[in-house]
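FYI, side chains are in, hydrogens and waters are out, and symmetry mates aren't considered; it's all heavy atoms of this structure.
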Amino acid sequence: MGALPRAALALAALLGVSSAVLEVHVGTSSVFSVEGQQAVLPAWYTSRSQKKPYVTWLLDKEDADPFQILTYLDGAVKVEETELKPRVGFLYPVLTHNISVFINATREHDSGQYMCTVNVLDDVTSMGKNVGVINLTVLVPPATPTCQLRGNPAVGANVTLSCASEKGKPSPVYQWERKTPSPQVFFPPAQDQDRGTLRLTNLSLAMSGLYVCVAKNRAGSAKCDIVLEVHSTSTTAVIAGAVLGSLGALATIVFFARRVVGYRRKKRDGQEEAANEIKEDAVAPKTPSWARNPASDTISKTSTLSSIPGAREKSYGTRPPSDTASILTATGSYRGPPPRGGGRTPNLSPPPLTGPPLRRQDPAAPPASLPPSSLTRAGAVPVMVPAQSRAGSLV
């Protein structure tokens, strides 16, 4: 890049144009650079003055106002505070009239219009002759594209292979080709190079293979690949049947598992209810004192002679059958036969005991009870005795 400005300066010296007015020249109006590489903006100026120039480089972008990036004043170089500061500078000493600029590690957003302005003291300047303009375009190679398959690759069906790259300047174009088992190149209308699609119709088993997509532009290229496996309809049916069978088996397992869990839960709840019922009936009330001696049920509960206070067990002689008028009251008192002829009722109190006291009869041997027919003839009133449940409560 530096050879062109130097040749122009030598030519001007040979022609004797030392009296020419101040003018800025550019080697090219457009510069292209690949992202990450160095870019050089070639420029020089002619002047009849030997004094130091005042040089200014500005960058004008579409989305921002022009701003200074580099200046030369009174023999000193100043780099402005911009994102280009660590990457920009003069390529040669300014006093050589070569004011070319370099930009290292270019980025996509470095693209724009660069303007160079030169002013020299005591030199004539024509309108617009002291300004040089160079357009910089930073190219970006395509990013690695993504290959996709849309559709079911069955025999007789149609599918579309797509290829797309997220990055690239200018926009990349796409080219599809099959590598194996035999190379094949595709053309429009089957292939759309701008959109990166390849449409395959009426598939056959012979169309299976490895398909490669290449995305390329002026800055570089990148590629991706995809394997197309065309299968027959019978294979599709087998796969579908296997999937449905697996789903059915899974549903059956889930159903029986829920049944087993429900049965166990119901059984456990039943056992808990039975345990609660047993706990409620576990404590029974105490047996009443009068129910502990079964031998006295017949006499004491039916108000017989054994309920008379102070009465002792004593054998009485048998009564003649004619004493049917004797009455056994419900209160347990014995009135005896009614008086005859208005006579006085005899005293039926038992005679005082003068001998040794009688032994208490063993409760295990209950006294002989009177037959119901005798009690009925004696005028006894039948009384219903409540039954006792297992828990001790009266029914």
Separation of [Y] [atom2] from [X] [atom1] (nearest 0.5 Å):
{"X": "N130", "Y": "T46", "atom1": "CG", "atom2": "OG1", "value": "10.5 Å"}
{"X": "T197", "Y": "W176", "atom1": "OG1", "atom2": "CH2", "value": "9.5 Å"}
{"X": "L58", "Y": "F67", "atom1": "CG", "atom2": "CZ", "value": "9.0 Å"}
{"X": "E62", "Y": "Q113", "atom1": "CD", "atom2": "CD", "value": "9.5 Å"}
{"X": "L198", "Y": "I226", "atom1": "CG", "atom2": "CD1", "value": "11.0 Å"}
{"X": "S162", "Y": "D192", "atom1": "OG", "atom2": "CG", "value": "11.5 Å"}

Show the nearest heavy-atom pair for residues [X] and [Y], with the distance to one decimal.
{"X": "S49", "Y": "L121", "result": "OG-O, 3.2 Å"}
{"X": "C163", "Y": "C224", "result": "SG-SG, 4.0 Å"}
{"X": "F32", "Y": "L139", "result": "CD2-CD2, 4.2 Å"}
{"X": "F186", "Y": "R178", "result": "CE1-N, 3.8 Å"}
{"X": "E83", "Y": "R87", "result": "O-NH2, 3.6 Å"}
{"X": "N217", "Y": "S171", "result": "CB-O, 4.5 Å"}

Can you tell if the side chain of [X] reaches within under 4.5 Å of the side chain of [Y], non-hydrogen atoms only?
{"X": "L59", "Y": "L84", "answer": "yes"}
{"X": "L203", "Y": "V155", "answer": "no"}
{"X": "V173", "Y": "D194", "answer": "yes"}
{"X": "V101", "Y": "I134", "answer": "no"}
{"X": "Y174", "Y": "P142", "answer": "no"}
{"X": "S33", "Y": "V40", "answer": "no"}
{"X": "D110", "Y": "E35", "answer": "no"}
{"X": "T137", "Y": "S30", "answer": "no"}

Taking [X] for its side chain and [Y] for its backbone only, find out whether a donor-acceptor pair lies under 3.5 Å.
{"X": "S208", "Y": "V230", "result": "yes"}
{"X": "R258", "Y": "G262", "result": "no"}
{"X": "S47", "Y": "L22", "result": "no"}
{"X": "T106", "Y": "Q37", "result": "yes"}
{"X": "E108", "Y": "V140", "result": "no"}

Review point. Above 12 or not: heavy atoms from other molecules or residues under 6.0 Å from NZ of K179?
Key: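 Open.
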Check your understanding: More than 12 foreign heavy atoms under 6.0 Å from NZ of K167: is that the case here?
Key -> no
Practice item. Output, in order, the C-alpha distance, side-chain angles, deciding distance and verdict of side chain to side chain contact (heavy atoms under 4.5 Å, CB included) for W57 and L41. Key: CA-CA 11 Å; W57 278 93; L41 309 180; 4.2 Å; yes
Please tell me whether [X] and [Y] are part of a single hydrophobic cluster in this structure, the criterion being side-chain heavy atoms less than 4.5 Å apart.
{"X": "V133", "Y": "L136", "value": "no"}
{"X": "V118", "Y": "M115", "value": "no"}
{"X": "L200", "Y": "L205", "value": "yes"}
{"X": "V131", "Y": "V26", "value": "no"}
{"X": "L73", "Y": "V94", "value": "no"}

Practice item. Name all residues meeting the side chain to side chain contact (heavy atoms under 4.5 Å, CB included) criterion together with S204; count only those two or more places apart in sequence or in a different chain, and write none if there are none. Key: A206, M207
**Study point:** Working for side chain to side chain contact (heavy atoms under 4.5 Å, CB included), residues H231 and N152
**Key:** CA-CA 9 Å; H231 53 80; N152 181 23; 3.4 Å; yes
Check your understanding: Which is it for K61 and H109 under the side chain to side chain contact (heavy atoms under 4.5 Å, CB included) test, yes or no, and what are the steps along the way?
Key -> CA-CA 9 Å; K61 293 185 176 182; H109 56 264; 4.2 Å; yes
**Study point:** Residue pair N98 / S100, side-chain donor-acceptor N/O under 3.5 Å
**Key:** yes
Point to revise | Close aromatic pair by centroid cut-off 6.0 Å: W44 and H97 | key: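 No: the rings miss the under 6.0 Å criterion.
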Practice item. Output, in order, the C-alpha distance, side-chain angles, deciding distance and verdict of side chain to side chain contact (heavy atoms under 4.5 Å, CB included) for L149 and L161. Key: CA-CA 5 Å; L149 169 65; L161 304 181; 3.4 Å; yes
Check your understanding: Ion pair present between D74 and K52, side-chain N to carboxylate O less than 4.0 angstrom?
Key -> no
Review point. How are the rings of Y72 and F90 set to each other: parallel, tilted or perpendicular (split at 30° and 60°)?
Key: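 It falls in the perpendicular class, over 60°.
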